[in-house]
Amino acid sequence: MSLASYVGGKWVQGAGPGVALHDATTGEMIASASSEGVDFAAALAYARAVGGANLRRLNFHERAACLKRLARYLSERKEELYALSYATGATRADAWLDIEGGIGTLFVYASKGLKELPEGQVYIDGPAEPLAKSGGFFGQHVCVPLEGAAVQINAFNFPVWGMLEKLAPAMLAGVATIVKPATATAYLAELALRLVVASGELPEGAVQLICGGIGDLFEHLTCQDMIAFTGSASTARRLRAHPRVLERAVRFTAETDSLNSCILGPDAKSGSPEFELFVREVVREMTVKAGQKCTAIRKAVVPVAQGTALLEALCAELDTVVVGDPRRDGVRMGPLASLAQRREVLAQIERLRAAGQLIRGGDTRAQLAAVDAERGAFMLPTLLYCRDGGAGGAVHEVEAFGPVCTVLTYGTPAEAIECARRGAGSLVGSVFTADESIAAQLVLGLAPFHGRVLVVNRHCGADSTGHGSPLPHLVHGGPGRAGGGEELGGIRAVLHYMQRTAVQGTPDVLTAVTGRWLRGARELDSGIHPFRQSFGALRIGDSFRSRERAVTVADIERFAAVSGDYFYAHMDEAAAHRNPLFGGRVAHGYFLIAAAAGLFVDPPLGPVLANYGIDGLRFTQPVKPGDRIKVRLTCKEKSLRVGRGYGEVRWDTEITNQDGATVAQYDVLTLVSDEGLARE
Ligand code: NAP
C-alpha cells in the first residue's frame, strides 16, 4: 500500500517508490510513503485562503463544537486505529496513550473552548488598562488568529496523539493545519486523518496531511505561518535555522529530546510506600511504548544509601516484564518502532556504558528466544548504574530513545537537583518523597530547568497521572535541550496560534473591537428593563440605572441579625472609630450587594433564570449610615449555551454613593432564557 497525502482537499499519491515502512514485530513491509510531486506552495496557499478563512468565519464556540463532534466520531471508530497500531510495536496499553490520549485531548479542548473562550472571534487577554485619568482612553490586549498555516511536524512515537494534540488548539484558534507525521509510522497518522476527513466535522481546508518529506514547503513560509515541531534536538536545530524561517521570523516552537529525572527523596527508605511507588514508576516509564517517549525517565536519581536496594527492586520488577509480540495477551512490552531505531538505541547504550555499569539488558537479541529478534525490533529493558550523580558523564548528554534508564546516586538534595539540571533543560522531572519541605526544595530547584514537575507520595500514589503523561490542561515543553517550546497547558496553547495585539482607544472603540462592554462606553436604553429581555434580544451595552436608597443603622443591625455577622466595624461605633480605614461604623459589604440586587432586580417571572455568581468583587469605599447608594447594571458579555435554550450574561455592575463615588464594583453572572418566559 502506498500512503497518500491529503492536500488541496484531495488524496494525492506521491510519485516514485517512496520509503518502505515495516511492521515493527514481523519486519513485513506494510506501506510506502512518498510526497514526491506534491505542490507544497499550493498546499500552503490552500490552508491560508480556504482552511483559515473557513475557520475564521466560525466563532470559538462553533470551533469547539466541531472538535467535540470530531472526538465523538473518532471515539466510535477507535478500534480501527488500535488494530493498525500494533504494527508500530505498541501493545494495546501503549496504543491507549496514543489513541485515547489524542481523542481525550480533543474532548478537553472542546470543553475548554466552550467554557473558557468567548462566543466571539477575538480573545481578550487580561483586563483593560486605563491610560488616562479621564477614564476615556484605554489599552486592551487582544489575540486574533494568524492568517497563515500551522505546519505541524510530529515524531514517530505518537502518530495519533501527536497529530490531535496540535490540531485541537490550532483549530480552536482558527488556524488551518498541515500535518507532517514522522514517516516511520505515517500509516497510522494517515488512517487517523482519513477518519478525521470522513467525519465531515472540520470545515474545508482546515487540515491537510503530508506523508513523506516536506520538499520545498519551508521556502514558501511567511510571517503568518508557524511551525510546531516535535522530534529530535538535532532536527529542530536544523529546521529553526532555515533561512526562510530566520528571514521572515516565522514562529517556531519545538518539543525535543529530554533527559528526564525521577528523584527518590532522602526520606524514602526501602520498604516505604514512596520507595515502592518510585520503583513502579521507573519500570512503567522504561517499558511503556518500549521507552520511546520524550517524557520517559532516563535518570533515576536515588540516595547513596538506597542505591543497592533500588537496583535489586528494579531488576526484580523488570524480570516480570514479558517482551514479545504486542498482539499477544500478557505481553507488556513490544518491539521498538523499527530495526533502525533499535540500532540507534544500542549505539547510545554503548555510549552510556562508558559512563556507567550495565546492570541488565543491552544487546539482548540472543536472549529473546520467544520472538524473531532479527526481523522484529525487540530488546530487553536496559538498566545502567552510575555513582556520584554520573559526574561529567554521557548520562547527562545521551538520550537512548528506548527502554533504557540509568540509576544515579546522590549525597544531598542539592546534588540531586544538580544531577537533574545537568540534562540542560527537560520536559518533566518527578520527586518521590513523603517530606513536604524536601518536596518544596526539590521542586523549586528543578522548576527553572523543567516544564513540569510531579510530586508523588503515599497520599496521591493512586491518583497520580504519572511522570510520563502530558495532560492537555498542563504545559508540555521545557527549556534548553527540551526545545524551549511550550504546548498544551489549556487555553495557553490556543494563544500560540494567535497574534497578541495591544489596542489603544476609547471605551466605545474597544467595546466594538472586543464585543465586550467596557466601563465608560455608551450605555443603551431600550426602554425595557434588561431583565425582561430574552438572551437573543439583549444588546451589549443595554443598561439599567436604579433609584437611590439610604443605608441606615437599622439596615446594618437587621443584616447582622440575619447573617450572624457582628464584626465590630459594623456594630461597635467606638471600636470602629479606632479602625484607621473606617473611622466609624460601616455597612457590611455583603449588605451592599444584597441591597443592590434589591435595586436592580425585576421580580416577576421573566427570561432571567438564575444568578450563578459574581466575579471580580471589590469594595472600593466604605458606606456609612446615612449614605445613599444606587446601582448601574450593564450587559457586558453574552455567551449562548448551544442547544440548552439559554445563555450566560455577564453584567458590569457598579454601586455608587450620593457623591457619585464608586463604593463597589463587580460582574453579576446570570443565565438568561433565549425564548423568554411568558408572564403569568
Ligand atoms: P526526528 O528524526 O527529529 O523527526 C521528527 C520529525 O521531523 C519527523 O516528522 C521527521 O520526518 C521530520 N524531519 C526530519 N528531518 C526533516 C527535515 N529536514 N525537514 C522537515 N522535517 C524533517 O525525530 P523522531 O526520530 O521522529 O522522534 C524521536 C525524537 O523525538 C526523540 O529524540 C524524542 O525525544 C523526541 N520527541 C520529543 C517529544 C516532545 O514532545 N518533546 C515527543 C516525542 C518525541 P521524517 O520521519 O520523514 O524524517
Side-chain angles (χ1 to χ4, degrees), residues 3 5 14 18-21 32-36 40 88 97-98 101 105 151-163 165-166 178-190 209-219 221 227-242 244-245 252-260 289-298 336-338 340-345 348 397-402 404 423 425-428 450-452 468-471 475-489 493:
L3 302 181
S5 293
V19 179
L21 309 179
S32 67
S34 163
S35 59
E36 214 180 304
F40 295 100
T88 69
L97 293 174
D98 189 32
T105 302
V151 179
Q152 300 174 344
I153 303 176
N154 295 325
F156 72 83
N157 55 340
F158 284 105
V160 179
W161 176 82
M163 178 164 83
E165 63 99 11
K166 288 191 174 81
I178 299 178
V179 186
K180 188 263 178 273
T183 303
T185 52
Y187 48 88
L188 186 51
E190 195 232 36
L209 176 83
I210 293 167
C211 287
I214 53 165
D216 66 350
L217 185 141
F218 272 43
E219 302 296 335
L221 294 171
I227 298 156
F229 171 84
T230 298
S232 61
S234 56
T235 310
R237 217 167 16 249
R238 211 169 43 236
L239 296 185
R240 70 160 33 116
H242 190 282
R244 187 75 175 184
V245 172
F252 190 99
T253 172
E255 299 293 334
T256 59
D257 327 346
S258 187
L259 298 174
N260 311 292
K289 296 232 32 139
Q292 299 165 110
K293 282 196 319 180
C294 53
T295 48
I297 297 168
R298 303 289 173 210
L336 303 193
S338 66
Q341 192 56 31
R342 184 175 63 186
R343 272 194 299 279
E344 174 80 19
V345 171
Q348 303 295 36
E397 281 144 34
V398 174
E399 183 202 42
F401 200 59
V404 184
S426 304
L427 294 168
V428 53
H450 292 77
R452 178 165 62 87
S469 299
L471 299 175
V475 161
H476 173 60
R481 180 177 184 149
E486 210 180 271
E487 287 183 343
L488 301 176

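Read the numbers this way: they start at 1 and go in the same order the structure lists the ligands and their atoms. Note that the coordinates shown come from a computational prediction; the quantities given were computed from them, not determined experimentally. Computation of the quantities below employed the complete heavy-atom set of this structure, encompassing side-chain atoms and omitting hydrogens, waters and symmetry-equivalent molecules.
Applying the ring pair (Phe, Tyr, Trp, His ring centres under 6.0 Å) test to Tyr187 and every residue at least two apart in sequence or in another chain returns nothing.
Contact residues of ligand 1 (protein heavy atom closer than 4.0 angstrom to a ligand atom; sorted by chain and number): Ile153, Asn154, Ala155, Phe156, Asn157, Lys180, Pro181, Ala182, Thr183, Ile214, Phe229, Thr230, Gly231, Ser232, Thr235, Arg238, Leu239, Glu255, Thr256, Asp257, Cys294, Glu399, Phe401, Leu427, His476.
Side chain to side chain, Ser35 and Lys180 fail the donor-acceptor criterion of an N or O pair below 3.5 Å.
Taking 4.5 Å as the limit, some side-chain heavy atom of Lys289 sits within range of a side-chain heavy atom of Phe158. Leu427 places a side-chain heavy atom less than 4.5 Å from the side chain of Asn260.
Relative orientation of the Phe229 and Phe252 rings is parallel, given thresholds of 30° and 60° on the angle between their planes.
Judged by distance alone, with hydrogens and angles left aside, the side-chain atoms of Thr256 form a donor-acceptor pair with the main-chain N or O of Arg481 at under 3.5 Å.
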